[in-house]
Amino acid sequence: MKITMIGTGYVGLVSGTCFAHWGNDVICVDKNAAKIAGLNQGILPIYEPELDGLVSKYHQAGRLSFTCDLAAAVKDADIVFIAVGTPARAGHGDADLSFVYMAAKEIAPHLAEGAVVVVKSTVPVGTGDAVDKIIGSVRRRGSYSVASNPEFLREGAAIPDFLKPDRVVIGVEDMHAQTVLMQLYRDVFAPHDVPVVVTRRRTSELIKYAANAFLATKITFMNELADLCELAGSDISDLALGIGLDRRIGSCFLNAGPGYGGSCFPKDTLALLRTAQDYGVALRVVEETVTANEARKRKMALKVLDAVGGDVDGLTIAVLGLTFKPDTDDMREAPSVPLIETLQRFGATIRAFDPVGMPNAAQMLDDVALIDDPYECARNADAVVIVTEWDCIRRLDLTRLRKRMNAPVLVDLRNAVSQESAEAAGFRITMIGKPTRNHKETQPVLQGRGARGRLHTGNDEKAGTAGRSRL
Ligand code: UDX
């Protein structure tokens, strides 16, 4: 099929490339001429594992092209996806839909007869109706369709998430749109038996927000339980294991940390609350999730203060990991930013390392020495704080790290390293959701190996690593 993708950000570029991977002819459109010029030279505007290989493969095969010429890109398209940004409006929380509406207005006069316009951007309930109205103001009803097809891509895992999704959600108001979209996704259904949810447009729009809000709530639930674990002498990793094996709960998204960030959970939870307010409905669980998450990010600085004895004034703190999660260069709403700013306000000097995110971090942080080697970053530091659980940080040689430092203080906000290894390397380690020191003596010592949870399945047992839930 001939597909046009309006927008070449995280969603548009990944989706367009994957549609080309399935054999479609895809034209990606963006107003940003520099971005389009870069893409035509194989320079990607975002970091996403595997994306550059696929983009160059299908660009060279002539199935994936990039242009600023929207009219030319739309005129022969069977499907036109709108995948532009819907940022939170500053100070309001609701989604800024101006880019979506602008795209609808610009494509309307150029649509081919029978074209299906699909909103892939994350948009509040009813946006599809508004897009339909915009296009309907210049085109005959029945000569086009407007549908919703939200994405559920995680940054850092966007390609596998797109090519083998848990499900496809299609929101349609006419059979033509349903037929065309079912044909587009047939390559996913058959080989990977992916379920397809076909519903109305407004339900499809709300499914996206509900999914993100639920995931944000699940994470926040674990983050708050982690605080209880620390004082109650329990272990959050074992707790995650113990509840996650319940199929009704599931073992994903049970990793307690410094609070969720990224371009979606913070934005989408706020936008959902605004939608609820518009309809006079109180989503109290989501409200508390938003409040608790913001508070948690600030609270992490106090964890560092506690670990160094109460005062960081004049100390050097090395922060390992800046991006909001591993395998992305994205710094949006990253917990590292409020943490660093608070520690600086308390008088700390900050050095920081991130394998990919430092160019973006440099735009957001002041007076931070960005160092491209974690051991060098820790040189003469009075404490090291792990904020993002990159693999290269999980695998650090802790003895070598300790030798570079002034003091043996390690604060691991992701439980990324093993407590035993850190203590063997001479660190006093503070983790998330682990019994604080004065509970150690009450914790029963499991036979043989450490105090980590053990999974006994039949007559074999798996070591404590099972305590870390899968993301
Ligand atoms: C999310 C949704 O997962 C995805 O389906 C949607 O399309 C976009 O938003 P993303 O924001 O890229 O994806 O990352 P995700 O992996 O969901 O992590 C979001 C935040 O939650 C990160 O800050 C991450 O560190 C945090 N997180 C995630 C936890 O703290 N604990 C977990 O167990 C999982």
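We count ligands from 1, going down the list as the structure has it; atoms in each ligand are counted the same way.
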Report summary line: atom 13 (O) of ligand 1: of Arg154, Glu389, Lys208, Glu151, the nearest heavy atom sits on Arg154
Report summary line: Note: heavy atom closest to atom 21 (O) of ligand 1, options Ile219, Thr323, Asn223, Thr220, belongs to Ile219
Report task. Measure from atom 17 (O) of ligand 1 to every heavy atom in Tyr260, Phe253, Tyr10 and give the option owning the shortest one. Result -> Phe253
Requested in this report: Flag yes if more than 12 heavy atoms outside Phe189 fall under 6.0 Å of its CZ atom; otherwise flag no.
Outcome: yes
Query raised in the report: Which one of Val417, Val411, Leu398, Ile386 satisfies the side-chain contact (heavy atoms from CB on, under 4.5 Å) criterion with Ile429?
Result: Val417
**Report entry** Sub-4.0 Å atoms of ligand 1 with respect to non-hydrogen atoms of Leu254
**Finding:** 33 (O)
Query raised in the report: With a 3.5 Å cut-off and no angle check, do the side chains of Lys434 and Ser237 form a donor-acceptor pair?
Result: yes
Query raised in the report: Which ligand 1 atoms are under 4.0 Å away from a heavy-atom of Leu153?
Result: 4 (C), 6 (C), 7 (O), 8 (C), 13 (O)
Report task. State whether the number of non-hydrogen atoms from other residues, nucleotides or ligands found under 6.0 Å of Asp372 atom CG is greater than 12. Result -> no
Query raised in the report: With a 4.0 Å cut-off on heavy atoms, does Cys264 reach ligand 1?
Result: yes
Report task. Measure from NZ or CZ of Arg332 to the centre of the six-membered ring of Phe324 and say whether it is under 6.0 Å with the direction within 45° of the ring axis. Result -> no
Requested in this report: Could you tell me whether Phe221 atom CZ has more than 12 heavy atoms of other residues or ligands within 6.0 Å of it?
Outcome: no
Query raised in the report: Quick one: which ligand 1 atoms are inside 4.0 Å of a heavy atom on Phe324?
Result: 11 (O), 12 (O), 14 (O), 22 (C), 23 (O), 25 (O)
Query - Residues Asp161 and Arg154 bridged, charged N to O under 4.0 Å - result: yes
Query raised in the report: Looking only at distance, does Gly259 have an N or O less than 3.5 Å from an N or O of ligand 1?
Result: no
Query raised in the report: For ligand 1, does Arg414 get within less than 4.0 Å through its side chain, its backbone, both, or neither, judged by non-hydrogen atoms?
Result: side chain
